[in-house]
Structures are given as structure tokens and as C-alpha cells.
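Please read the structure below before turning to the comments.
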Amino acid sequence: MDNYPIEIGVPNITEFELGNTGVPYVWRWDSCSPGPVVMISALTHGNEICGAQVIMELLKAELRPTRGSLVLAFSNVHAFNTFEMKNPDKSRFVDEDFNRVWSSERLESSEGKVSLELMRAREMRNLIDQVDFLLDIHSMHEKCAPLLLSGPTDKGLKFAQSMGWPRDIIVDQGHKEGRRLRDYGDFNNEDSDKNALLIECGQHWEKGVIEAARSITGRFLLQLGIVDESALPMEWSAPTLVEQRAIVVTEAVVANSYEFVFVDEYFGLETIPHKGTVIAYDDGEAVITPYDECILVMPSLRQLRPGVTVVRFGYIA
Ligand SMILES: [Zn+2]
């Protein structure tokens with residue numbers, strides 16, 4: 001499998017290490033007016049650098065909230081610090097996926113080895129507990145249009161729809177391997193007003209990925225009413241709002257072996273017309289679509305190992 005070319009610059013974020021929260025690489029400002037605590041998080045995966053670029057631009061522009069509070073975080077900096085042009089996929093995480101440790105069981109467990117990622121999550125947890133609205137910025141292994149992941153709740157879907165961009169909202173449960181930051185605590189509690197979205201901006205290192213990250217970040221901050229539009233960086237432009245569609249994920253296909261192969265080249269959002277179509281083989285066993293008009297969500301074998309999600313099946317709601 002060839003690497004995609006790296007068409008974007010790798011941001012240098014070392015000047016932001018200190019933070020102002022007591023937690024390295026996490027910044028927070030409180031306005032004088034009441035309002036929500038809004039957090040933008042980047043580098044949940046160390047190789048997904050578009051979010052880091054966008055947060056760096058906001059820090060350099062000295063964006064401050066006019067209502068509520070703004071939190072800007074570079075999350076898995078340990079992984080990002082290992083980023084290498086020659087092997088960019090390798091810096092996704094150091095010991096384990098930072099985006100799979102967000103259950104109270106994992107965060108509070110005293111058993112087993114404490115990974116760098118678990119340590120970082122514990123370090124950030126107090127701050128995240130104060131957050132009302134989170135946008136977690138990601139990018140994808142394969143070249144696919146941006147996806148806004150709303151999680152499994154109705155409030156998540158409504159929140160995603162309030163953004164009006166991008167076209168595709170993915171309603172999903174997350175991963176069997178462990179809980180995502182987006183699904184942490186009250187973000188997934190239907191009775192709480194807290195809410196969170198995860199944006200997949202495009203292929204990790206393609207040109208358009210930064211534009212997408214700027215678009216959703218600007219939109220998110222303006223929709224929540226905590227900043228003035230004129231305070232956003234000059235080069236940022238508002239996305240053209242589109243009619244959105246919700247794709248409900250019914251099943252995450254998890255590889256059982258290293259011998260998992262797709263029968264065709266898939267990049268994401270392909271519609272497979274017929275139920276029972278073979279799309280892959282896992283150690284010789286056929287993987288088939290469960291219904292007609294099945295949409296493939298984020299197929300990729302770039303992080304293949306037993307237990308990892310390699311594609312999800314969804315339908316248009
Ligand atoms: Zn990611």
C-alpha cells in the first residue's frame with residue numbers, strides 16, 4: 001500500500017507547549033459574559049495534523065471568546081512528536097489509541113500498564129469535564145469527502161444538523177476496542193445538554209484537508225455564539241451550507257486476522273446496491289453487505305490488526 005503524498009505542511013507547535021491551564025498544550029480563555037465552555041481538540045491521533053494547523057492559527061490570531069469560554073487543545077502530542085515524513089501512519093499513537101480510553105473504567109483503572117495515552121487522558125480529563133461542547137478534529141486514512149460523526153444520540157444528530165456542513169453526517173456507536181473522546185461522559189447522555197462532534201476532514205495530508213478543518217471549526221464556534229466572525233483568521237472562509245444527509249451505521253466490521261483483504265478499491269461512501277455482496281475476505285471468510293443500498297463508511301486497512309475496525313456499514317436515514 002503506497003502512502004499518500006504529504007501535500008500540507010507539518011505545523012511546529014512547540015511554542016504552545018506551556019499552555020495556560022496547568023496542562024501542557026491545553027489553552028483556555030474565559031470571557032466576561034456567560035456562555036458555554038467550548039473546546040476544539042486536535043491531534044487525538046498524532047498523524048492527523050490538519051487540526052493542529054487550525055488550532056495553531058487560532059492561537060496565533062489570539063482568538064478570544066466574547067461569550068463563555070474557549071478551550072484549545074493539542075491532545076496526543078506524544079504521538080505527534082514522533083511524526084516522520086517517511087512513515088506518517090506510524091505516529092497515530094505511541095502505546096495505544098488515545099481515542100479508545102475514554103470510559104471511566106479505563107480512566108480510573110489501577111490495573112495494567114499505564115500507557116502514555118492513558119496518562120495524557122487522565123491529565124486532560126478534569127478540563128474536559130468542564131466542557132459543554134466539543135469538536136474533535138480528525139482526518140482519514142483514505143481520500144474521502146468530509147464526514148461529521150454525531151455519535152449515537154438524537155441530540156448528537158441534531159447538533160450535527162445545526163452545523164449545515166458537511167453533507168454527510170455519520171450516526172455511529174464508536175468502536176468495540178474502547179470509547180472515543182466524542183462519546184465520553186455526558187456527551188453521550190441524552191439527558192445532558194452537553195454535546196460533541198467528531199469531524200473527519202478528508203485524507204490526512206491532502207491539500208483540501210486544512211480548508212475543511214477551518215470550515216467546520218469556524219462554523220462550530222460561530223454556531224455556539226462564543227466568538228465574533230471578524231475575529232476568525234483572515235484566510236478562513238465560511239463553508240457553503242449544504243443539504244445534509246444522515247448515514248446510520250449499523251455495524252462496524254472488525255478484522256479477525258492480518259489476512260483481511262477488500263475485493264475492490266474502496267475509499268468511503270461507496271453504495272453497494274445488493275444485500276449479500278462480498279466486499280472483503282477475512283482470513284478466507286467472506287464479508288458481505290447486510291442490506292441493499294449499503295454504504296461503506298471509512299474502509300481502510302492502513303492500521304490493520306486483529307480487533308481493529310476496518311469498515312462500517314450504514315444506510316441513509
Ligand atoms: Zn482520527
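Numbering of ligands and ligand atoms starts at 1, following listing order.
A donor-acceptor pair shorter than 3.5 Å can be found between the side chains of His138 and Glu48.
The cationic atom of Arg64 (NZ for Lys, CZ for Arg) lies less than 6.0 Å from the six-membered ring centre of Trp29 and within 45° of the ring axis.
In His138, the N, O or S atom that comes nearest to the Zn ion (ligand 1) is ND1. Its N, O or S atom nearest to the Zn ion (ligand 1) is what matters here, and for His45 that atom is ND1.
Taking the six-membered ring for Trp, Tyr291 and Phe313 have ring centres at least 6.0 Å apart. Remark: aromatic rings of Tyr25 and Phe80 are distant, center separation not under 6.0 Å.
Counting backbone and side-chain atoms alike, Glu200 contributes no N/O/S atom closer than 2.8 Å to the Zn ion (ligand 1).
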